[in-house]
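This one's a predicted model, so the numbers in the text were calculated from it and none came from an experiment.
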Amino acid sequence: MSYELFVWDAARHAPVPTSSEEALQAVERLGDAVGLTVDPKLKVFADRLVARCEADSVLMNTPGEPMLFWGGDLRSALAQSRASVLRLSLPEGDEDDYTRRIAYAVDAAAELGLVVLDDETGMCFLPDGRIFPEDCREMWEFNRAELIAPSDSQREKGSDGRTLLERLGGELWDAVGRDN
């Protein structure tokens with residue numbers, strides 16, 4: 001399954017979509033439009049996506065992972081483009097990978113006042129938090145909550161990083177070691 005996200009500045013390329021159909025029309029209208037320079041907000045957007053990936057301990061187990069996570073170096077691809085819409089072709093992955101990528105893109109875009117259209121699902125994310133079609137909000141929020149929820153193994157661990165059994169075993173060992 002291929003996934004593509006489209007990101008653009010609705011304030012610069014008005015109007016702001018009021019439905020997912022209008023968002024798709026905006027992408028089609030702006031898809032061929034080029035400016036003299038890259039939209040500065042899109043440059044900041046790409047920098048933020050890479051920074052978020054670099055800060056993600058799940059992703060950073062492999063060197064260069066932010067580039068693999070996005071299918072390439074976003075910053076250099078953007079520097080070579082003058083398109084009004086940034087097109088992110090997401091590499092193959094599982095559902096959690098897609099949800100994580102989309103969540104990073106939606107968060108970074110909202111901070112900058114950008115619109116994101118998920119071409120696969122038809123969902124449009126506006127910077128003010130609105131989602132079109134509106135009946136997709138509950139599904140999106142559930143998937144996102146599942147993604148950021150701690151795993152069962154993390155829930156069992158205390159603030160010191162040890163599980164309940166590890167803490168009890170350590171306390172028992174300490175008690176035995178002190179001739180108690």
Side-chain angles (χ1 to χ4, degrees), residues 1-35 38-56 58-59 65-75 77-78 81-151:
M1 170 170 43
S2 82
Y3 239 102
E4 292 184 329
L5 299 179
F6 297 94
V7 183
W8 73 97
D9 185 356
R12 188 174 187 181
H13 304 287
V16 174
T18 59
S19 69
S20 55
E21 291 80 20
E22 284 184 17
L24 186 57
Q25 290 171 358
V27 166
E28 289 173 359
R29 176 177 48 91
L30 296 171
D32 296 326
V34 294
V38 175
D39 183 339
K41 283 187 180 181
L42 292 178
K43 284 183 177 181
V44 173
F45 173 77
D47 289 338
R48 288 188 182 180
L49 285 181
V50 172
R52 285 173 195 246
C53 290
E54 290 174 342
D56 187 327
V58 173
L59 295 176
E65 192 65 30
M67 301 314 147
L68 296 174
F69 186 69
W70 291 107
D73 186 343
L74 294 175
R75 295 169 291 194
L78 188 58
S81 169
R82 294 181 305 157
S84 300
V85 175
L86 174 61
R87 179 181 180 170
L88 294 172
S89 295
L90 305 182
E92 288 193 28
D94 63 23
E95 189 174 329
D96 286 347
D97 286 343
Y98 287 130
T99 303
R100 185 182 300 270
R101 287 180 180 105
I102 296 166
Y104 282 156
V106 167
D107 290 347
E111 292 169 4
L112 297 167
L114 302 173
V115 176
V116 176
L117 175 66
D118 177 343
D119 189 47
E120 180 67 27
T121 64
M123 288 179 23
C124 177
F125 301 88
L126 299 183
D128 64 5
R130 287 183 289 162
I131 297 174
F132 299 120
E134 293 176 8
D135 58 348
C136 289
R137 173 179 293 285
E138 189 174 318
M139 175 196 65
W140 169 250
E141 289 175 351
F142 175 80
N143 288 342
R144 188 176 178 139
E146 286 289 309
L147 178 71
I148 61 175
S151 67

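Side-chain contact between Val7 and Phe45: present, with at least one pair of heavy atoms (C-beta onward) separated by less than 4.5 Å. Glu4 places a side-chain heavy atom less than 4.5 Å from the side chain of Arg87. Between Cys136 and Thr121 the shortest side-chain heavy-atom distance does not fall below 4.5 Å. With a 4.5 Å cut-off on side-chain heavy atoms, Cys124 and Ile131 do not count as touching. The side-chain heavy atoms of Leu24 and Phe6, taken from C-beta on, include no pair separated by under 4.5 Å. Taking 4.5 Å as the limit, every side-chain heavy atom of Asp107 sits out of range of all side-chain heavy atoms of Arg48. Val16 is listed as a side-chain neighbour of Leu126, based on a closest heavy-atom distance under 4.5 Å. Here the side chains of Trp140 and Ile102 are in contact, with some heavy-atom distance below 4.5 Å.
Minimum interatomic distance between Ala23 and Trp8 (heavy atoms only, all atoms of both residues): O-CH2, 3.7 Å. Contact between Leu117 and Gly122 at its shortest, heavy atoms only, is CD1-O, 4.0 Å. Across Arg29 and His13, no two heavy atoms sit closer than the pair NH2-O, 3.8 Å. Between Pro133 and Ser20 the shortest heavy-atom distance is CD-OG, 3.9 Å. Of all non-hydrogen atoms in Asp9 and Gly113, the two that sit nearest each other are OD1-O, 3.8 Å. Nearest heavy-atom pair across Ser84 and Leu42 is O-CD1, 4.1 Å.
Put simply, OH on Tyr98 and CG on Leu5 are 10.5 Å apart, with the number rounded to the nearest 0.5 Å. Here the CE-CG distance, from Met139 to Asn143, works out to 6.0 Å after rounding to the nearest 0.5 Å. Separating the NZ atom in Lys41 from the CG atom in Leu86 is a distance of 14.5 Å, to the nearest 0.5 Å.
Checked for salt-bridge contact, Asp118 and Arg101 miss the test: no charged N lies under 4.0 Å from a carboxylate O.
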Practice problem: Could you give me the CA-CA distance, side-chain angles and deciding distance for Leu88 and Leu49, then say whether side-chain contact (heavy atoms from CB on, under 4.5 Å) is met? | Solution: CA-CA 11 Å; Leu88 294 172; Leu49 285 181; 4.2 Å; yes
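Test Glu138, Glu146, Arg144 against Phe142 for side-chain contact (heavy atoms from CB on, under 4.5 Å) and you get one pass: Glu146.
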